[in-house]
There are 4 protein chains.
Amino acid sequence: MADEQRSAARRRQIFQAAAVVFARQGYHGARMDDIVKESGLSKGALYWYFKTKEELATGLVHQMLSAEKHGMDELMAAPRPAAERLEELVRGFARELTKDPDKAPLALELLALAQNIPDIRACYSVHHEQYTECMRTLLLEVCEAEPDAHAEAARRADAAALALASAVDGLTLRWTLARTAFDLEEKLWEVVQVIVRGLLSHPAA
Amino acid sequence: MADEQRSAARRRQIFQAAAVVFARQGYHGARMDDIVKESGLSKGALYWYFKTKEELATGLVHQMLSAEKHGMDELMAAPRPAAERLEELVRGFARELTKDPDKAPLALELLALAQNIPDIRACYSVHHEQYTECMRTLLLEVCEAEPDAHAEAARRADAAALALASAVDGLTLRWTLARTAFDLEEKLWEVVQVIVRGLLSHPAA
Amino acid sequence: MADEQRSAARRRQIFQAAAVVFARQGYHGARMDDIVKESGLSKGALYWYFKTKEELATGLVHQMLSAEKHGMDELMAAPRPAAERLEELVRGFARELTKDPDKAPLALELLALAQNIPDIRACYSVHHEQYTECMRTLLLEVCEAEPDAHAEAARRADAAALALASAVDGLTLRWTLARTAFDLEEKLWEVVQVIVRGLLSHPAA
Amino acid sequence: MADEQRSAARRRQIFQAAAVVFARQGYHGARMDDIVKESGLSKGALYWYFKTKEELATGLVHQMLSAEKHGMDELMAAPRPAAERLEELVRGFARELTKDPDKAPLALELLALAQNIPDIRACYSVHHEQYTECMRTLLLEVCEAEPDAHAEAARRADAAALALASAVDGLTLRWTLARTAFDLEEKLWEVVQVIVRGLLSHPAA
DNA sequence: GATGAATGAGCCTTCATTCAT
DNA sequence: CATGAATGAAGGCTCATTCAT
């Protein structure tokens with residue numbers, strides 16, 4: 001029992017260190033020795049918990065996406081109007097990235113691994129689906145909440161959800177690589193508005 | 001003159017080989033020897049044209065994004081309605097990716113390099129701006145072409161262009177990593193329609 | 001007392017496990033963890049009984065050669081004609097190797113260690129001497145039992161004993177590494193006969 | 001052409017270094033860096049010629065056994081009586097081992113590898129067969145040369161050849177590991193005489 | 001310009017051994 | 001006595017780059 005807690009703590013400690021080093025140096029630029037040093041553990045300890053560098057990266061992706069999923073589920077269950085939850089979902093996402101400057105580079109780094117590490121690819125693939133599904137659910141609720149909604153809207157929800165989820169990813173990517181910094185949260189919110197408007201607009205438009 | 005042609009041919013030959021190997025093994029998984037073998041040249045020859053692996057990757061990014069830019073400009077200059085050009089821009093993009101299964105992995109691989117190689121980062125950053133600008137121009141033309149347009153639309157063009165450009169990137173990313181294959185062209189077109197509708201919808205909506 | 005029995009049992013348990021793992025993976029290919037797992041004990045327990053891997057190997061050699069010596073002595077003391085005891089010594093040796101397919105590889109593996117581990121080298125050196133001496137004793141008895149013996153024979157016993165002992169080792173080695181399996185007991189017996197005949201043959205021959 | 005010579009020279013250079021280091025430290029105790037240093041080449045050069053440590057060892061075994069085979073064939077073809085050739089074969093073998101104190105430990109070290117490296121095992125297996133066959137040929141010639149030979153002798157040649165070959169190996173092993181040094185050549189010659197006498201002795205004996 | 005042998009710093013991983021509990 | 005997490009020195013191998021020819 002105490003062992004399990006200790007073990008879990010160690011794993012978190014290692015993930016934390018790996019996150020810092022991967023963000024700073026990239027996955028391939030990170031030496032296991034760097035992670036060892038950053039974690040404060042010994043090399044043997046690190047390898048006791050993760051058999052390879054790849055397994056460490058895979059575990060980190062699992063952990064990060066799980067945390068994100070958890071936050072998503074929590075927000076979805078909140079007793080607030082769908083529109084507010086949607087706004088908060090997007091703004092919260094932007095705020096976290098903006099607050100922690102390591103997060104975006106780390107995410108992109110891990111995303112790039114997805115092509116070569118099937119387990120990570122699967123994680124991201126599932127996460128993309130879940131994120132899109134979440135958007136779809138919210139958008140449908142938004143439609144229903146709209147007084148003069150129309151039948152068309154519900155049918156457009158799939159495309160809008162995909163547009164929304166994709167745009168969030170794509171814009172975040174741009175923000176991460178942009179020469180000229182911009183306010184991610186604001187731009188993201190504008191993008192959301194355009195897409196929601198596209199969802200709700202009357203067929204005639 | 002003949003030398004220059006020869007030289008240019010060699011460079012193209014090397015880019016071609018690098019593209020194949022990077023797509024297959026990733027940048028870090030690709031050894032210079034692999035590219036040498038794929039190119040049919042010798043190691044010395046390769047290093048004659050590119051002083052380092054990084055320079056080769058950077059050159060490849062330049063070449064690819066230049067080609068894309070060129071295609072974009074050509075399409076933009078075509079004597080066709082803006083809506084048609086927009087559709088063709090997006091569909092053409094999807095068609096090319098679908099046709100050549102190496103292209104998307106290669107692009108993601110090079111994109112990931114942007115974080116560590118400033119020159120590549122700059123290339124992508126500029127390209128993103130140009131792509132967004134292109135979208136903005138097309139969307140504005142679409143607004144103008146719309147008989148029923150309203151003042152609001154032009155002001156929304158920026159956000160819609162960003163949404164569009166981002167969504168194209170984000171959706172392509174999803175398509176590249178998806179467990180379950182889907183029709184990129186079709187989904188992309190649905191996304192475009194949602195966003196264009198959002199752009200044109202009346203304020204009341 | 002019960003402790004000593006327990007301790008001896010543990011040591012035997014560990015020797016047994018080490019024998020299996022060394023035979024399967026070789027000394028250098030065997031990890032202490034493998035022996036731990038095979039023994040069913042814990043790592044700490046193993047290190048309680050043997051301070052190092054080398055000590056474990058050394059102990060195993062001691063045990064194995066002691067057992068062999070014991071068997072030899074027992075057979076030597078049997079109330080049977082020398083010729084029969086010689087035959088049984090060789091045949092019994094072959095039978096045991098043939099019965100347990102792990103034994104020969106294990107023996108060769110440990111023999112190879114002799115070069116680097118002085119203690120093991122000494123063990124084998126002594127054992128070789130004892131084995132040769134045993135052969136010499138038997139051969140002398142065989143000479144004496146021979147009605148038709150001649151003075152020459154006794155003087156040849158040293159060489160014949162060395163030839164016999166060496167041939168047994170060398171043939172066993174060949175049998176252990178041979179591509180094409182052969183009947184060790186039979187070949188060994190043929191070899192013994194040739195050498196005994198050489199011992200007894202008249203000078204004129 | 002010059003390249004091939006250079007390449008062959010390099011390989012010989014590396015074999016030479018590996019032989020020295022393997023003899024001194026054993027295969028497992030030898031670090032590639034030690035061989036690199038001993039060879040005077042660089043690590044990259046070593047790995048250019050041998051992809052792994054195992055491949056290097058395998059190559060070395062090939063080379064050594066080939067050389068031995070070559071010497072054997074040469075001696076066999078010499079225009080001398082069989083008995084002399086047999087004596088020279090054995091004495092020459094002993095003389096070489098005695099002259100170069102590294103040779104025997106090296107041979108035993110490589111022999112031990114045979115159990116774990118199939119390629120080396122095959123080499124030794126074949127070599128054993130060839131050596132035995134060589135002995136058999138010589139012994140048959142010796143029988144034929146004997147004026148009062150008898151039919152029995154030829155039939156015993158197989159067993160005698162095996163005894164001889166095995167005894168040479170076994171005695172060499174004892175000599176290599178012995179606490180108390182002895183004269184290999186002399187002992188070997190005594191052993192040969194016993195076995196040859198066993199071969200030629202009349203059935204009555 | 002072209003060739004490919006040669007360089008050597010670097011890195012992931014292993015594993016015998018230790019020790020707090 | 002027993003446990004298994006922790007240690008860290010060591011080593012086989014890679015690969016971008018160089019350079020004599």
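Below, each value reflects all heavy atoms present in this structure, side chains not excepted, and no hydrogens, waters or symmetry copies. Residue numbering restarts at 1 for every chain, and letters A, B, ... go by the order of the sequence lines.
OP1 or OP2 of E:dA6 lies within a sub-4.0 Å distance of a side-chain N or O belonging to D:Arg10. Taking only side-chain nitrogens and oxygens, D:Tyr47 never comes nearer than 4.0 Å to OP1 or OP2 of E:dA6. Under 4.0 angstrom from either OP1 or OP2 of F:dA2 there lies no side-chain N or O belonging to C:Ser42. The side chain of C:Lys53 contributes an N or O atom lying less than 4.0 Å from OP1 or OP2 of E:dA16. Within the 4.0 Å cut-off from OP1 or OP2 of E:dG1, not a single side-chain nitrogen or oxygen of B:Arg6 is found.
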**Asked** Can you check ring pair (Phe, Tyr, Trp, His ring centres under 6.0 Å) on A:Tyr49 and A:Phe15, steps first, answer last?
**Response** CA-CA 11 Å; A:Tyr49 290 99; A:Phe15 280 146; over 10 Å; no

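A donor-acceptor contact shorter than 3.5 Å links the side chain of B:Lys53 to the backbone of B:Tyr27. Looking only at distances, no side-chain donor or acceptor of C:Glu109 sits under 3.5 Å from a matching main-chain atom of C:Phe22. Using modelled atom types, no side-chain atom of B:Ser125 and backbone atom of B:Arg121 make a donor-acceptor pair closer than 3.5 Å. A:Gln13 places a side-chain N or O within 3.5 Å of a backbone atom of A:Ser39 that can act as its donor or acceptor partner.
If you take CZ of A:Arg11 and C1' of F:dA6, they are 16 Å apart, rounded to a whole angstrom. As rounded to whole Å, 18 Å separates atom P of F:dG11 from atom CD of D:Glu54. Summarising the geometry, the separation between CD1 on C:Ile117 and P on E:dA16 is reported as 13 Å, rounded to the nearest angstrom. Between the CG atom of D:Leu56 and the C1' atom of F:dG11 there is a distance of 15 Å, given to the nearest Å. A:Met32 places its CE atom 15 Å from the P atom of F:dT7, with the value rounded to the nearest Å. In this entry the distance linking CG of A:Leu46 with C1' of E:dC12 reads 11 Å, nearest Å. Atom NE2 of A:His28 and atom C1' of F:dC15 are 14 Å apart (whole Å). Between the CD atom of C:Gln25 and the C1' atom of E:dC15 there is a distance of 13 Å, rounded to whole Å.
A distance of 4.0 Å separates CD of B:Gln115 from CG of A:Leu108, quoted to the nearest 0.5 Å.
Remark: DNA chain E takes part in the stems E:2-21 with F:2-21, each of 3 or more antiparallel Watson-Crick or G-U pairs, criterion distances under 3.5 Å.
When each of D:Thr52 and B:Tyr27 is assigned the nucleotide of DNA chain F with its nearest heavy atom, D:Thr52 is the one assigned upstream, toward the 5' end. Nearer to the 5' terminus of DNA chain F, by closest-nucleotide assignment, is the contact made by C:Tyr49 (compared with the other of B:Asp33 and C:Tyr49). Along DNA chain E, the nucleotide nearest B:Gly44 and the nucleotide nearest A:Lys51 are compared for position; the residue whose nucleotide lies closer to the 5' end is B:Gly44. Comparing B:Trp48 and C:Lys43 against DNA chain E, the residue whose closest nucleotide sits nearer the 5' end is B:Trp48.
With distances taken from any side-chain atom of D:Arg31 to the nucleotides F:dT3, F:dG11, E:dT13, the minimum falls on F:dG11.
Applying the side chain to side chain donor-acceptor pair (under 3.5 Å) criterion to C:Lys103, with sequence neighbours excluded, gives C:Glu96.
Nucleic acid contact class of D:Phe50 (heavy atoms, under 4.0 Å, all strands): none. Nucleic acid contact for D:Ser7: none, since no nucleic acid atom lies under 4.0 Å from a heavy atom of the residue.
Of the charged side-chain nitrogens involved, at least one lies within less than 4.0 Å of a carboxylate oxygen, so that B:Asp34 and B:Arg31 count as a salt-bridged pair.
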